Visitor: 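Sharing a structure with you now.
All figures in this text were calculated on a predicted structure; none of them were measured in a lab.
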Amino acid sequence: MTTQHFVSPEGIDGDEVRFDPDEARHLFKVLRCRPSDEVEVIDGEGGWYRVRLDVVERRGASGTVLERRRDVGEPRAACTIAVGTLKSADRFETFVEKAVELGVTQILPITTARTQITRLRLDRLRKIMIAALKQSRRSRLPLLTTVRTFEHVVAGMPDNALCIMAHEAGPGRASFADLVRSRPAGQPIVILIGPEGGFTDSEVQAAVDNGWQLASLGPRRLRAETAAIAAVAGVMLHAGRSRPEVLPPFQG
């Protein structure tokens, strides 16, 4: 299997590619690449490049672009997911990793009435996201925001999006899959997932008052990170064949 390598846009100047020290060491020491070898490079902003290596040393590596493509490996469904921060950092990191692999567009960590953690190691999460991006052979790194409040996110979504709050099964709950399948072609989707303990009644009402639709992910009670992963997988399964509208970065 061909390994992808991450180079930020600043490392690509015309047809010249300069690898950062970590990627250079991996090329040299782990993959044992040599000059004239070809590798795949992604820049996290939708750029994909076939690169011929010119210099491969322990301390640095560079190459020349032979081929360019756009949005290789990117899904057609624009999907933002807002998730209450979890008490377990490991579980939140698992969610972030799998969300990137599945094709999410934006990740919004939020605080709610029942969240117990309000800070995240965004630098560590970014490293996890880049590794997941390479693993899944995508080319566009999802946007990860700083932690926002529930109220800010619920009121701040764009009017053109289908906004779904995942909530336990009950009267008036639509099927998550039915909502996703029945949306207009290309409409972006925003999913809201609660932390441990779920949402309070007042939070549910606030979401409904702001135009969010309540939906059930099924009859079983899921952990928060499991619900988030299942929801993103459902979007990609049921909505991945239509070209999305552009969902702008969250500005709230």
Side-chain angles (χ1 to χ4, degrees), residues 1-81 93-107 121-145 186 188 229 232-233 235-237 239-249:
M1 182 179 68
T2 303
T3 301
Q4 286 191 331
H5 303 276
F6 182 83
V7 176
S8 64
E10 294 76 16
I12 301 173
D13 183 10
D15 287 338
E16 182 184 2
V17 176
R18 298 182 303 277
F19 295 83
D20 68 27
D22 287 341
E23 290 284 1
R25 281 193 295 271
H26 187 71
L27 288 166
F28 178 80
K29 188 172 182 179
V30 178
L31 299 180
R32 300 185 182 279
C33 291
R34 295 292 181 265
S36 79
D37 287 348
E38 294 183 8
V39 297
E40 293 181 10
V41 170
I42 52 174
D43 64 10
E45 295 187 357
W48 177 98
Y49 310 87
R50 181 166 60 90
V51 174
R52 183 191 66 235
L53 296 175
D54 300 324
V55 176
V56 189
E57 300 174 349
R58 186 185 301 273
R59 293 176 296 178
S62 62
T64 301
V65 174
L66 302 178
E67 180 185 1
R68 302 170 185 262
R69 300 182 191 172
R70 292 294 301 172
D71 289 328
V72 170
E74 288 303 300
R76 291 179 178 270
C79 176
T80 291
I81 185 160
E93 289 171 1
T94 295
F95 147 68
V96 168
E97 178 185 66
K98 301 311 175 188
V100 174
E101 289 180 18
L102 287 166
V104 75
T105 309
Q106 300 183 87
I107 299 173
R121 292 183 56 186
L122 297 179
D123 55 340
R124 175 173 169 79
L125 288 175
R126 177 176 168 81
K127 291 179 180 178
I128 290 170
M129 292 172 67
I130 290 174
L133 191 77
K134 293 158 63 175
Q135 162 68 30
S136 59
R137 303 183 67 76
R138 293 181 63 184
S139 54
R140 191 173 291 275
L141 191 68
L143 171 67
L144 173 68
T145 71
I229 293 167
V232 175
V235 168
M236 296 305 152
L237 176 64
R241 295 182 180 179
S242 56
R243 186 172 299 279
E245 296 181 9
V246 174
L247 185 64

Visitor: Going by heavy atoms in the side chains, are Gln4 and Trp48 under 4.5 Å from each other?
Guide: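 They are in side-chain contact.
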Visitor: Scan the side chains in residues 55-65 for donor-acceptor partners under 3.5 Å anywhere in the protein, sequence neighbours excluded, and list what turns up.
Guide:
| from | atom 1 | to | atom 2 | distance (Å) |
| --- | --- | --- | --- | --- |
| Thr64 | OG1 | Asp54 | OD2 | 2.6 |

Visitor: Between atom CD of Glu38 and atom SG of Cys33, what is the distance when rounded to the nearest 0.5 Å?
Guide: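 Those atoms lie 11.0 Å apart.
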Visitor: Side chains of residues 121-131: which donor-acceptor partners sit under 3.5 Å, not counting sequence neighbours?
Guide:
| from | atom 1 | to | atom 2 | distance (Å) |
| --- | --- | --- | --- | --- |
| Arg124 | NE | Glu93 | OE1 | 3.3 |
| Arg124 | NE | Glu93 | OE2 | 2.7 |
| Arg124 | NH2 | Glu93 | OE1 | 3.2 |

Visitor: Kindly compute the distance separating CD1 (Ile42) from CG (Leu133), expressed to the nearest 0.5 Å.
Guide: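 Answer rounded to 0.5 Å: 4.0 Å.
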Visitor: Could you grab the distance from atom CD of Glu10 to atom CG of Asp20, nearest 0.5 Å is fine?
Guide: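 Output value for this atom pair is 11.5 Å.
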Visitor: Which distance, rounded to the nearest 0.5 Å, do you find between the CG of Asp43 and the NE2 of His5?
Guide: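 That separation rounds to 14.5 Å.
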Visitor: How long is the span from the CZ atom in Phe95 to the CD1 atom in Ile107, to the nearest 0.5 Å?
Guide: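 That separation rounds to 5.0 Å.
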Visitor: Measure across Glu45 and Arg70 and return the closest heavy-atom pair with its distance rounded to 0.1 Å.
Guide: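 Minimum heavy-atom contact is O-NH2, 2.9 Å.
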Visitor: With sequence neighbours left out, which residue pairs that include part of residues 26-36 fulfil the salt bridge (Lys or Arg N to Asp or Glu O under 4.0 Å) condition?
Guide: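 Checked against salt bridge (Lys or Arg N to Asp or Glu O under 4.0 Å) - neighbours excluded - no pair reaches residues 26-36.
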Visitor: How long is the gap from CZ on Arg68 to CD1 on Ile12, to the nearest 0.5 Å?
Guide: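 Answer rounded to 0.5 Å: 7.5 Å.
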Visitor: According to side chain to side chain donor-acceptor pair (under 3.5 Å), who are the partners of Lys134, at least two apart in sequence or on a separate chain?
Guide: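 If we apply the side chain to side chain donor-acceptor pair (under 3.5 Å) test to Lys134, skipping adjacent residues, the hits are Glu23.
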Visitor: Which residues pass the side-chain contact (heavy atoms from CB on, under 4.5 Å) test with Glu74, not counting sequence neighbours?
Guide: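 For Glu74, the residues satisfying side-chain contact (heavy atoms from CB on, under 4.5 Å) (neighbours in sequence not counted) are Asp71, Arg138, Ser139, Arg140.
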Visitor: Who pairs with Ser136 by side chain to side chain donor-acceptor pair (under 3.5 Å), at least two apart in sequence or on another chain?
Guide: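 In terms of side chain to side chain donor-acceptor pair (under 3.5 Å), with neighbours along the sequence ignored, Ser136 is linked to no residue.
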Visitor: Within the 4.5 Å heavy-atom criterion, are Arg18 and Val7 side-chain neighbours or not?
Guide: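 Not in contact.
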